[in-house]
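A short worksheet on the structure shown next.
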Amino acid sequence: MHHRLIGIGLAAIILTACTQPVEQAEPFQWNTLSGNPTLVIAHRGASGDLPEHTLEAYSLAIEQGADIIEPDLVMTADGVLVARHDRYLSTTTNISDRPEFADRRRVQGDRDDWWVEDFTLAELRTLRARQPRADRPQDFNDQFLIPTFEEVLDLAAQAGVATEPEVKSPGHFVSIGLDPGPELVRILRQRGLDGVGAATSIQCFEPGFLARLNEEVDTPLLMLVFPMAELDPSAGPLVPTVSLADMAAFADGVGPAKSLVMGPDGSDTGFIAEAHALGLSVHPWTFRDDQPVAPGVDAATELEWIYRLGADGVFTDFPATAVDVRDALAGD
Ligand code: G3P
Ligand code: CA
């Protein structure tokens, strides 16, 4: 009997221990506008690993877990939107090695180069992409094509990820008779990407272009800004090129240079809270494993800072790192 009582007592202790709630860490609270985890945006694709703005770089970013891929868009002589960051071609393609194009080089502003608007899509297709940064892998140079915007959209749709295209220099293209607006709207409408819930949002540094686009489509729009001090040294370091209040009239979000959002020690400038109060999502740029925000700060630390501040998306050349840091923070 005595033994039986001890047995019952032990069983009760074991049962109690097993039914006690297991001590769990508090789930991480995301300070984003939606309360969802920060989105990882592959800046020019996985451009830290492969030549930027190629289908291969976008595909690698998708494999690495990016939520969104970012094509920058410029226009060809025959009116096709293609993915390139710059209007000039010498730094990201092998055009300088192509004798048949030697006489197409010309000066614009202070740059002597080959310009995308002087070439048809068929001509651009004969080029191959190159890694523009000498300190990044050069092993994939001269292999990959310049993709069209529509090819990037096909890839994203197939993979089930979103896109965040940036229209580069629309004012310049309009001035030479190559307005990117109508072609962009045509593509968005044709693919059903012209609504509020589209898996695409359009970015631009030119507020006039976005305001015009806002009249034509409901696709989310992201106003890109940087410190006004870069244009006018008398402006304070935290004054953006377009005010949040002004952009709220036509944009759904803001893409700020990260210095507007966060100090080099991770301190909060208050930018995100101000934008969120206006209903604007915030996608700062650019996070790079090989370019620390300040000496001694590694990429993971910097990403954790921006996640804790509540950025809704981050542009990064290294999506794999951004996904890893996000998962670690969320306890996944
Ligand atoms: O579009 C966000 C960010 O990419 C802006 O800078 O010069 O890399 O296009 P940039
Ligand atoms: Ca961009």
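Order of appearance sets the numbers: ligands from 1, and atoms from 1 within every ligand. The figures here come from the full heavy-atom set of this structure, side chains too, leaving out hydrogens, waters and symmetry mates.
Distances shorter than 4.0 angstrom do not occur between any heavy atom of Glu164 and any atom of ligand 1. In this structure, Glu70 counts as a contact residue of ligand 1, since one of its heavy atoms falls inside 4.0 Å of the ligand.
In this structure, CG on Asp135 lies 8.5 Å from CD on Gln291, to the nearest 0.5 angstrom.
The side chain to side chain contact (heavy atoms under 4.5 Å, CB included) test with Ile306 is passed by exactly one of Val325, Thr316, Val314: Val314.
Residue Lys168 holds the heavy atom nearest to atom 9 (O) of ligand 1 of all those in His43, Lys168, Gln203.
The shortest N or O to N or O distance between Trp285 and ligand 1 is not under 3.5 Å.
Heavy-atom proximity to Arg44, at under 4.0 Å, picks out these atoms of ligand 1: 7 (O), 8 (O), 10 (P). Close approach of ligand 1 to His85 is summarised as follows: ligand atoms under 4.0 Å from at least one heavy atom of the residue are 7 (O), 8 (O), 9 (O), 10 (P). Those atoms of ligand 1 with a heavy atom of Asp72 less than 4.0 angstrom away are 9 (O).
Residue pairs meeting the salt bridge (Lys or Arg N to Asp or Glu O under 4.0 Å) criterion with at least one partner in residues 259-275, sequence neighbours excluded, do not occur; the list is empty.
Taking each heavy atom of Trp30 and Pro37 in turn, the nearest pair found is CD2-CA, 3.5 Å.
Expressed to the nearest 10°, the angle at the Ca ion (ligand 2) joining OD1 in Asp72 with OE1 in Glu166 is 80°.
Per residue Glu70, closest N, O or S atom to the Ca ion (ligand 2): atom name OE2.
Geometrically, Arg104 engages Phe119 in a cation-pi contact defined by less than 6.0 Å to the ring centre and at most 45° from the axis.
Under a 4.0 Å N-O distance rule, the pair Asp317/Arg44 does not qualify as a salt bridge.
At least one side-chain heavy atom of Arg308 sits under 4.5 Å from a side-chain heavy atom of Leu329.
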